[in-house]
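Below you'll find the structure, written out as structure tokens, and then a few comments.
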Amino acid sequence: MVERSLWHPVAQAGDVQQQSPVAVQLLEQAVVLWRDAEGVVRAFADQCPHRGARLSLGRVTTQGQLECPYHGWQFAASGQCTQVPALPGFVPPPGHCAQVFEAQEAHGLVWVRLVRGDAALPAFAAEGDTRLRKLNCGPYDVAASAPRIIENFLDMSHFGFVHEGWLGSRDATAIDDYRVEATPTGLLATGCKAWQPQSNLHSTAPAQVEYTYEVTAPYAAVLTKVPEAGTTAVDGWRESIALYICPVTPVHSRVWFRLAVADFESPDEKLQAFQHTIFTQDQPVLESQTPQRLPLDLRAELHTAADKASSAYRRFLRQRGITFGVC
Ligand code: FES
Ligand code: FE
């Protein structure tokens, strides 16, 4: 399964503290996250190789080892079992090992991949723009497949209905033609225009906002826009929102947004509250969609020219060999 070789976000980095292991789920695999003595985040299968207890119910010792809650076996950052308390003189052989996954921190999140692969973390150009302020929103636990959530993010023709009075208006529902091109990591849609009553926290009047959408990995996307005049606009600056999704099961996802904005005044909570308002408008619709897995056969649902970004996304998933969260 190609998804297993991709990096996926699994937790907010700050939620993995030095002392307490954290249980997460990725691609139906139970994973325990913890920090070793150096503070480096580690990811193991959340199943002790001795009798299968959940390692996440255990603790991290003061020596920076993960201790199983059942018989107290201890595991080093490498996964090697170092101690079996029932046999104090026993030196565990190399085969006495927890299953280790690769983990790293980026974009304020912990990322894990279940098997080795060539794919890099999804690109987020705005992350490198040191002028922009970065913050995360989420997580949101959503009873929908990751691809349905990405597709909703690329979809502008729902603005006037789901986000009426915010990102759209029933009086301006037409979608002008826009461009979509395939890229090595997904797609790029440019020239996407929307008439928005309240495009961000500071909007005081409706404005035409132009978006660029990028699919940067099968379950990741980035929206970039020039903030409307009179809000947080600074000449030549663009703001971005990255959508990062952990595919928990084929029909359950954990969602984060990473904002890269030119707003240096508003408290985090206010920026997060705006994003929260928008996403909780999407969530009930996302959770209502059937089939919950995104159909990759383009004949399974109906499409119009306004949907060409989502049609291109479905073609990309098929060509990429994605099987998790699709049908
Ligand atoms: Fe983990 Fe026995 S099940 S030490
Ligand atoms: Fe929406």
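Remember, it's 1-based here, ligands and their atoms both numbered in the order they're listed.
Nearest heavy-atom pair across E301 and T290 is OE2-O, 4.1 Å. Here the closest non-hydrogen pair linking V22 and D15 is CG2-O, 3.5 Å.
Annotation: protein N, O or S atoms under 2.8 Å of the Fe ion (ligand 2) (waters excluded) comprise H158 NE2, H163 NE2, D282 OD1, D282 OD2.
Side-chain polar atoms of Y211 and Q196 form a donor-acceptor pair below 3.5 angstrom. A donor atom on one side chain and an acceptor atom on the other are not found under 3.5 Å apart for D141 and H252. Judged by distance alone, the side chains of H96 and Q80 never bring a donor and an acceptor atom under 3.5 Å apart.
Among all non-hydrogen protein atoms, the one lying nearest atom 3 (S) of ligand 1 is R51 N, 3.2 Å. Atom 2 (Fe) of ligand 1 has its closest protein heavy atom at H71 ND1, 2.0 Å.
Geometry note: atom 1 (Fe) of ligand 1 is the vertex, C68 SG and C48 SG are the arms, and the angle is 110° (rounded to 10 degrees).
When non-hydrogen atoms are compared, ligand 1 lies under 4.0 Å from the backbone of W73 as well as from its side chain.
Ring geometry for F75 against W73 counts as tilted: the plane angle lies between 30° and 60°, on a 0 to 90° scale.
Residue-environment remark: CG (L302) stays at or below the threshold of 12 foreign heavy atoms within 6.0 Å.
A salt bridge (charged side-chain N to carboxylate O under 4.0 Å, His left out) check over residues 177-205, counting only residues at least two apart or in different chains, returns the pairs D177-K308.
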